[in-house]
Amino acid sequence: MSGIAIGALALVGAIVLIGLRVHIGLALGLTAIVGINAIVGSAAMMAVVTSVPYEFAASWELSAIPMFLFMGNLVFHSGMTDSLFRAARVWMSRLPGGLAIATNFACAGFAAASGSSLATTISMARIAIPEMRRHGYDLGLATGVVAAAGTLGSLIPPSILLVLYGIFAKVSVTKLFVAAIVPGVLTALAYGAMIMIRCKLRPELTPMPDERASWSEKLAVLREIWPLPVLVIGVIGSIYSGIATATEAGAVGAVLAFLIALLQGRLSLATFRTSVVESVQTTASLFFIALGAILMVRLMAFSGLPQEIADIMNAHAVGPWQLLAITVVIFLILGCLIDPMGMILLTLPVFLPMFESSGFDMVWFGILIVKFVEIGLLTPPLGLNVFAVKSLERDIPLGVIFRGVGWFLLCELIVVAILCAFPGITQIL
Amino acid sequence: ERISFNVWVPPSEVIVTALFEPYFEAVEQATDGEARFQLFTAGQMLGPLNTMQGVRDGAVSGGMIDASYYGNDLPYTATFSDLIAFAPDPVAGAGASLETFFHDCPECLAEMAENNLIALGGSATAPYTIMCAKEIGSLDDLKGLRIRGSIDFHFALINALGANGVNIPFGDIAQSFERGNVDCMLGGPTWMETFGITELIETRLSTVSFGTISLPAMMSFQRSAWEGWSEEIRSAMIAALPEYIANGTIAVMENDEKAAATAREAGMAEVDLGQSIVDLREAFLVSERARVIEAGKARGAEDVEALLDRFLANYAEWEALSEQIGGDRAAFADALRARVYDDLPM
Amino acid sequence: MSGLDRAAGRLGNALSWLAYAALILMAVQVSASVASRWLFGQDIPVTTELATYYYMVALTYLPLALVDRRHGHLFAEFFYVLMPTRVQRLMDVLNAALALGFLGFLGWRTALGAIDRTRSGDVISTTIGLFPVWPAQWIVPVGLGAAGLAVAVRLAEAFRALPHDPHQEGDRR
Ligand code: NA
Ligand code: NA
């Protein structure tokens, strides 16, 4: 059997195992090991398995992930996101679908402090979903908005995915962060508009909340939310002023969040402990998946499957925009199977050279790649953000969440179309 | 015969495109396809820390080995990674390293054999120069600057310059330059392209090479696999090598000059600090000698001093040869054959 | 049986504490290094090296046993939930068996790798001289091994649950 066939077979095998409820990292890792063994032989497979686990984890660039998670957890457990959500709720309660819109913009705010989609989704799901359920919101909308708006975590800086892309594409991470701001805000606005229109047309989705906040209440709640902007300015400012690198900024943010929470008297020993424990557990869970993904990346490299795809594209002399269209399709398919980090690691070695030669702006391309990856977080069968919501709201069927996410995917398509039609959007700031 | 080879640098590196790839192709042709090479790049199979074990244990037939990562297993071979300062010229450095390794270092050959390895040769890197995102007019301007380094030699040199060494991870280098967290780095001009900082570099101290790395055991194979291959394959592999070592070494130099030219167009000044930097280098070599000998003892190579002296003697001869070669690939390959490969001890 | 269970639990907890320490140390040391560079122009030596070669590896592998015990891993449920309980239990066994095989295989191979690196005494160059990194190699097999032990307990539980009539128990999930 050819390497390409083995590579394709391994991808199918991984999906089957995931379907059998085998852990995602395990499914990817096991099929990758079997596939590598089939292509390069057992001695070489053993060498890969011996060296990969340590080499992959011992990474300075990846250290931004646990640090941004730690920061996000401190923010969440000390109640900073809580007041943000409260402010958004009080200010938007009169809008149709106000709670959902509030959740959407609270996600955007939290995204400016968190580097990961998953962290954003999990944090906001805890606060917002029970609230929306209490008000009788449609379950699909309540869960969908959190899963979808959570993806802003990877677009609005800081962003772990953009850091990874910058490393691979040798593009300045700072430039990527700046370029992502407008598309991130645009996405949040598109989500908000869509929710409002839908709720206007179908009022039964969202019973109007009965609370009417007075102006003094509205102003009082604003005074509570200063810590988050301070934190965001602190983190982003430390990067832009050159005090910290994008990698170091995570640690700076964690310490800053700790100090702010301490200053506000919101940090108990239990809060701190929970933040530490959850950051560590999420890190280990994510990196276990990443370990499987990295093994799969090795298999793909050995199999020659990505190269084959590149060769076919070159042979047919596809133009830049066709190339982009094909990339979208491939990312959407891959997004069904592989986690975001794995997708970046798997595809960039193949696509980057092609895109560099096609004359696209690599910063713009990075934003687009992250968009595609984020869409992959929302599409079945493997949609990590959807799973994250499901893991917190175990009684809501997975199908309901995926259906709720559907409307947001429509918005994503519109945003991607705008990004493609007006690439200059990434250069406004 | 299917021969797999592991390289941990990206496939776009000159050493892959000018040495490994064309060399393997040449051997395939010379043996009429009896030898078939499979090249793994970018550390997809094994990283720099694991290649030696992978080759020794047969995960791959051969690999790019930097012995400095395996100081305890290959204490004498690792010495060559420490001779950087003593080999400012790449052609002379590569020639002298290979001659010393194969003909004047029985300890090297013995320790390779003990690890079930056989070395065939290797090329040299581009000369180390100092590139700064600041204007540098004298050696004093370097004092107190933050210079990026990663190996012992770098930090020894940075100390000698009176600057501060910082080890910034690869992924942070570009941003560190952009934000002024680092002022200079040690390396060849191609590094400016690799990290996308060509625009930021204002000065290069280019008139003095601070050294090159020559790894004589860079291309190594598993000994038991090698012994199983036909005489035809083995002699074809040795016969083709000098040409591609010459090609790889000179291509690296040419590439370097191209990158430097690009940077000059972008406004980089090439600065000559004259006698002051020559004197500094002389003084530095004295302290380097002590450091290299001590480092050798620390990893169990008792007689590095003798090895260093043999290398210096060979290097002096190769320096004269390099003058004659004058960057000509064929002449370099001929010199390698005459002084190293025509009677290779196997 | 419950003795092994307890042992696996204690081991998982103990290793997790090391991971917590790594997280806090990384945040504090990296921030302190940034501050020191900002104020005095000098990083704290071996900060990125410790973060890279020690803290990150500890964060990745040491919590795995505890994470597995707390079912912190993510599963794809869409097919699983459609199955009758008896099939689900078979899938539990399959899942645990595959996990044990994967963790055991990786643990074994990385242990051999760690022995190798210990023998060759791995060091890296830093601004303050040579710095040993071989001890960090052991973090990987230790973490994977402890996770393997936790999964072995889970596998035994899943096996014992197999022959029981599913209707006599509540939904275990
Ligand atoms: Na973010
Ligand atoms: Na998906």
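What you are looking at is a predicted structure, and each value in this text was computed from that prediction instead of being measured. Residue numbers start from 1 in every chain, and the chains themselves are labelled A, B, ... in the order their sequence lines are given, proteins ahead of strands.
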Bottom line for C:L59: the part with an atom under 4.5 Å from chain A's heavy atoms is both
pair C:Y61-A:P53: side-chain heavy atoms closer than 4.5 Å: yes
Any side-chain heavy atom of A:F258 within less than 4.5 Å of one from C:I24? no
Main-chain N/O of C:I139 paired to A:Y54 side chain as donor or acceptor, under 3.5 Å: no
Might you confirm whether atom CG of C:L39 has over 12 heavy atoms from other residues, nucleotides or ligands at distances under 6.0 Å? yes
Could you measure the distance from the CZ atom of A:F287 to the CG atom of C:L64? Nearest 0.5 Å is fine. 11.5 Å
A:I33 versus chain C, heavy atoms under 4.5 Å apart: side chain, backbone, both or neither? side chain
So, the part of A:M67 with a heavy atom under 4.5 Å from chain C: the answer is side chain
If one checks every heavy atom of C:L62 against chain A at 4.5 Å, the contacting part turns out to be neither
Residue among C:P141, C:S16, C:A136 with most heavy-atom pairs under 4.5 Å to chain A: C:A136
For C:A51, is it the side chain, the backbone, both or neither that has a heavy atom under 4.5 Å from a heavy atom of chain A? side chain
Please state whether the side chain, the backbone, both or neither of A:L291 comes within less than 4.5 Å of a heavy atom of chain C. side chain
When you compare the side chain of A:V280 with that of C:L66, does any pair of heavy atoms fall below 4.5 Å? no
Pairwise distance CG(C:D68) to OG(A:S285) - rounded to 0.5 angstrom: 9.5 Å
Considering only heavy atoms and a distance below 4.5 Å, find which of A:I243, A:V52, A:L69 pairs most often with chain C. A:I243
Region of A:A254 that comes under 4.5 Å of a non-hydrogen atom in chain C: side chain
Turns out that what part of C:V57 lies under 4.5 Å from chain A's heavy atoms comes down to both
d(A:H23 NE2, C:F102 CZ) to nearest 0.5 Å is 9.5 Å
Hey, does the side chain of C:S31 reach the backbone of A:A251 with a donor-acceptor pair shorter than 3.5 angstrom? yes
Between A:S63, A:G29, A:A244, A:P397, who has the most heavy-atom pairs with chain C when the cutoff is under 4.5 Å? A:S63
I'd like to verify something: which residue of A:V252, A:T282, A:V49 has the highest number of heavy-atom pairs under 4.5 Å with chain C? A:V49
Out of curiosity, C:M91 CE to A:L17 CG, how far, rounded to the nearest 0.5 Å? 10.5 Å
Between C:F105 and A:M46, does a side chain to side chain contact (heavy atoms under 4.5 Å, CB included) hold up when you go through it step by step? CA-CA 9 Å; C:F105 183 57; A:M46 299 261 203; 3.9 Å; yes
Heavy atoms from other residues, nucleotides or ligands near OH of C:Y53 exceed 12 (cutoff 6.0 Å): no
Minimal heavy-atom distance between C:M26 and A:P66, with the atoms involved, is CE-CG, 3.8 Å
I'd like to know if the side chain of C:R109 reaches the main chain of A:A47, judged simply by a donor and an acceptor atom lying under 3.5 Å from each other, with no hydrogens or angles considered. no
Can you tell which part of C:W138 gets under 4.5 Å to a heavy atom of chain A, answering side chain, backbone, both or neither? neither
Which bit of A:S59 is near chain C, if near means a heavy-atom gap under 4.5 Å: side chain, backbone, both or neither? backbone
Measuring only between side-chain heavy atoms, which start at C-beta, is C:T60 closer than 4.5 Å to A:F288? no
Name the region of A:V277, side chain, backbone, both or neither, that has any atom closer than 4.5 Å to a heavy atom of chain C. both
Spatial distance of atom OG1 (C:T52) from atom CG (A:L62) [nearest 0.5 Å]: 9.5 Å
Option in C:T110, C:V140, C:T48 with maximal non-hydrogen atom pairs under 4.5 Å from chain A: C:T48
Please examine the side chains of C:L106 and A:T50, heavy atoms only from C-beta on, and report whether any two atoms are closer than 4.5 Å. no
